[in-house]
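Worksheet: the structure to be examined is printed underneath.
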Amino acid sequence: MNTANMFLHLEGDASLKMTTMKDRTVSIGTALLRERQRQVDEILREYGIDDSIEDIADMASFPLGTVSPKLAPNLAYEGMELAIKAYNSIRENSGEKITQKDKVCDIEASPYDCCYISVDDVGVKHQKEHREENAVKDKKYVENTVIHIQAGEISHCITAVGMDIAFRELLAFLLVNELLENKRLIFLTDGARNIKEYIEKIFSFREYTLILDWLHLEKKTKEFMSMAVKAKSKDEKRGIIRDTLRMLWVGNVDEAISYLTNLKAKNVKNEYRLKELTDYLTRKKPFVPCYAVRHMNGLRTSSNIVEKFNDILVARRQKHNGMSWSVDGSGALAAITSAKMNNELSTWLRDSRISIKLAA
């Protein structure tokens, strides 16, 4: 605030006040959100989608290349055999070796034939309109959804208060920019159920791939195992955790579950936590690829890019120092920040113009 007043040479009663800046920010961000929403509604109506996105497969009239895309070939296992043999030759434990041909053949050959979508959700403390004296504080949050789209040289970020709004804009953005046309659609998430459900609901009209973020899988596994496993030494415990992660890295979920289930009694500290981990791995198995092969081919294994944008767009500014936010304030600030990240803010501030359709 002081910097703004110094820049504008304003002092005393003429200086900008915090409430003035807040109101101005909310006004700019809200107008930006309204224009984006207007364009989203207009685009979706062109494809036969009204205000609801339920049963989208029955409502929409999409181009053939969107519904039944002609996809580039997957990675050829035969072409990877030498690399896989080299990888396996230095692995002593069979569970660490790449063995599942189906998981290798299901991997895209080139990132340029794909549209990668990373989704994350973050809650910031909700600010009550009025709070009675001595009232008990609630723990309600304003939920911001951040989506990052990467397709070739295209990098674009969407943010919205509410996952339904964010996914509506995602669909409109993909359609109007022809990013569903004959492209492999790959979602990378932390495995949250609500995100998975939205993906299934909206994109069930076509083929797509859902990948569990490796960093999240690694973190979750370590957290469960730190509570479930014990050993005589820290090195022994680290070894058990390391062996499990190596199996998961190559996509051997069944081997990892079997390994954990058959741990010696002396190495089990908490059977309930161990069962929680094996149940978690069983649920996530369909979304665990061979991360090793993906990494070898320079393909993405993580959704950390959206977590970075989440930090920039929402968390860094809105989650610290005891701050609380109204729905309008949180959404407006995130919208302004995302417009800046997408190189759209200067045009909006100067001309009140923004376009979901990217320039050719």
**OP:** Verify side-chain contact (heavy atoms from CB on, under 4.5 Å) between Leu274 and Thr261, making sure each step is shown before the conclusion.
**Re:** CA-CA 8 Å; Leu274 190 64; Thr261 304; over 6 Å; no
Original post:
If you look at every heavy atom in Lys183 and Pro69, which pair is closest and at what distance?
Top reply: N-CB, 4.3 Å
Subject >> With Arg38 via side chain to side chain contact (heavy atoms under 4.5 Å, CB included) - residues at least two apart >> reply: Glu35, Glu42
Original post:
Looking only at atom types and distance, does a side-chain atom of Arg206 sit under 3.5 Å from a main-chain N or O of Leu180, one as donor and one as acceptor?
Top reply: yes
Original post:
What residues form a ring pair (Phe, Tyr, Trp, His ring centres under 6.0 Å) with Phe187, not counting sequence neighbours?
Top reply: Phe203, Tyr208
Subject >> Point-to-point distance, once rounded to the nearest 0.5 Å, from CE of Met296 to CD1 of Ile98 >> reply: 5.0 Å
Original post:
Does the side chain of Glu108 come under 3.5 Å of the side chain of Tyr116 through a donor N or O and an acceptor N or O?
Top reply: yes
Original post:
Tell me, do Ile158 and Val146 make a side-chain contact under 4.5 Å, heavy atoms counted?
Top reply: no
**OP:** Start with the C-alpha distance between Lys196 and Glu200, add both sets of side-chain angles, then the distance that settles salt bridge (charged side-chain N to carboxylate O under 4.0 Å, His left out), and finish with yes or no.
**Re:** CA-CA 6 Å; Lys196 175 177 171 289; Glu200 289 176 347; 2.7 Å; yes
Original post:
Nearest 0.5 Å, what's the OG-CE distance between Ser258 and Met247?
Top reply: 8.0 Å
Original post:
Does NZ belonging to Lys357 count more than 12 external heavy atoms closer than 6.0 Å?
Top reply: yes
Subject >> Contact check, side chains of Thr145 and Thr159, non-hydrogen atoms, under 4.5 Å >> reply: no
**OP:** Please check if the side chain of Asn342 supplies one atom and the backbone of Cys157 the other of a donor-acceptor pair under 3.5 Å.
**Re:** yes
Subject >> Joint cluster assignment, Tyr259 & Val268, ILVMFWY side-chain distance < 4.5 Å >> reply: yes
**OP:** Calculate, to the nearest 0.5 Å, the distance between atoms OG and CD belonging to Ser118 and Gln150 respectively.
**Re:** 7.5 Å
Original post:
Side chains of Met80 and Leu75: does their closest heavy-atom pair fall under 4.5 Å?
Top reply: yes
**OP:** Would you mind reporting whether Pro111 and Arg300 have side-chain heavy atoms less than 4.5 Å apart?
**Re:** no
Subject >> Asn252 side chain vs Gly95 backbone, donor-acceptor pair below 3.5 Å >> reply: yes
**OP:** To the nearest 0.5 angstrom, please state how far the OG atom of Ser110 sits from the CG atom of Asn74.
**Re:** 12.0 Å
**OP:** Count the heavy atoms belonging to other residues, nucleotides or ligands that lie under 6.0 Å from CD of Glu271, then report whether that count exceeds 12.
**Re:** no
Subject >> Heavy-atom donor-acceptor pair, Asn267 side chain to Leu263 backbone, under 3.5 Å >> reply: no
**OP:** Specify the closest pair of heavy atoms between Leu248 and Ala256, including all atoms of both residues, with the distance to one decimal.
**Re:** CD2-CB, 3.8 Å
Subject >> Separation between CD of Glu46 and CG of Asp41, rounded to the nearest 0.5 Å >> reply: 11.5 Å
**OP:** May I ask whether Met227 and Leu260 are part of the same hydrophobic cluster, defined by side-chain heavy atoms of I, L, V, M, F, W, Y residues being less than 4.5 angstrom apart, directly or through others?
**Re:** yes
Original post:
Do the side chains of Phe287 and Tyr280 join up, straight or via other hydrophobic residues, at under 4.5 Å, putting them in one cluster?
Top reply: yes
Subject >> Sequence neighbours excluded - salt bridge (Lys or Arg N to Asp or Glu O under 4.0 Å) pairs with any residue from residues 344-355 >> reply: Asp351-Arg353
Subject >> Any side-chain heavy-atom pair of Ile211 and Arg294 under 4.5 Å >> reply: yes
Subject >> Flag, side chain of Thr221 to backbone of Leu217, donor-acceptor distance under 3.5 Å >> reply: yes
Subject >> Asp190 with Lys220: basic N within carboxylate O range, under 4.0 Å >> reply: no
**OP:** Kindly indicate, with the supporting measurements, whether the criterion side-chain contact (heavy atoms from CB on, under 4.5 Å) is fulfilled by Val229 and Ile241.
**Re:** CA-CA 9 Å; Val229 175; Ile241 295 173; 5.6 Å; no
Original post:
What pairs of residues pass the salt bridge (Lys or Arg N to Asp or Glu O under 4.0 Å) test when at least one of them lies in residues 245-261, not counting sequence neighbours?
Top reply: Glu96-Arg246, Asp254-Lys285
Subject >> Carboxylate-amine/guanidinium contact Glu218 Lys222, below 4.0 Å >> reply: yes
Original post:
Which residue pairs satisfy the salt bridge (Lys or Arg N to Asp or Glu O under 4.0 Å) criterion with at least one member in residues 235-244, sequence neighbours excluded?
Top reply: Asp235-Arg238
Subject >> Trp348: ring pair (Phe, Tyr, Trp, His ring centres under 6.0 Å) partners, not counting sequence neighbours >> reply: none
**OP:** Give a yes or no on whether a salt bridge exists between Asp164 and Arg168, defined as a side-chain N under 4.0 angstrom from a carboxylate O.
**Re:** no
Subject >> Side chain Gln39, main chain Ile354, donor-acceptor under 3.5 Å >> reply: yes
**OP:** Would you check if Ile154 and Leu358 make a side-chain contact, meaning some heavy-atom pair closer than 4.5 Å?
**Re:** yes
Subject >> Backbone of Thr278 reached by a side-chain donor or acceptor of Thr282 within 3.5 Å >> reply: yes
Original post:
Does the side chain of Ile147 reach to within under 4.5 Å of the side chain of Phe173, using non-hydrogen atoms?
Top reply: no
Original post:
Taking everything shown except Lys340 itself, do over 12 heavy atoms lie less than 6.0 Å from its NZ?
Top reply: no
Subject >> Closest contact, heavy atoms only, Ile199 versus Leu210 >> reply: CD1-CD1, 3.9 Å
Original post:
Do Leu245 and Trp214 touch side chain to side chain, with heavy atoms closer than 4.5 Å?
Top reply: yes
Original post:
Is the backbone N or O of Leu299 less than 3.5 Å from a side-chain atom of Asn297, with the two atoms forming a donor-acceptor pair by type?
Top reply: no
**OP:** Please assess Leu175 against Glu181 for the test side-chain contact (heavy atoms from CB on, under 4.5 Å), listing each intermediate value before the final yes or no.
**Re:** CA-CA 8 Å; Leu175 286 168; Glu181 291 276 345; over 6 Å; no
Subject >> Donor-acceptor pair, side chain of Asn182 and main chain of Lys70, under 3.5 angstrom >> reply: yes
Original post:
Is there a donor-acceptor pair under 3.5 Å between the side chain of Thr30 and the backbone N or O of Ser27?
Top reply: no
Subject >> Shortest non-hydrogen separation from Asn177 to Ile356 and the atoms involved >> reply: ND2-O, 3.1 Å
Original post:
Do you reckon Leu215 sits in the same ILVMFWY cluster as Ile195, going by side-chain contacts under 4.5 Å, direct or chained?
Top reply: yes
**OP:** Output, in order, the C-alpha distance, side-chain angles, deciding distance and verdict of side-chain contact (heavy atoms from CB on, under 4.5 Å) for Phe62 and Ile49.
**Re:** CA-CA 10 Å; Phe62 297 134; Ile49 304 169; 3.9 Å; yes
**OP:** Taking all heavy atoms of Asn194 and all of Met163, pick out the closest pair and write down the distance.
**Re:** ND2-CE, 3.5 Å
Original post:
Are Tyr47 and Phe167 grouped together when hydrophobic residues (ILVMFWY) are joined by side-chain heavy atoms under 4.5 angstrom apart?
Top reply: yes
Original post:
Would you call the rings of Trp249 and Tyr291 parallel, tilted or perpendicular if under 30° counts as parallel and over 60° as perpendicular?
Top reply: parallel
Original post:
Does Lys201 count as lying over the ring of Tyr198, i.e. NZ or CZ under 6.0 Å from the six-ring centre, within 45 degrees of the axis?
Top reply: yes
Subject >> Minimum heavy-atom distance between Gly251 and Val288, given as atom pair plus value >> reply: CA-CG1, 4.2 Å
Subject >> Interatomic distance, Glu169 atom CD to Ile43 atom CD1 [nearest 0.5 angstrom] >> reply: 9.0 Å
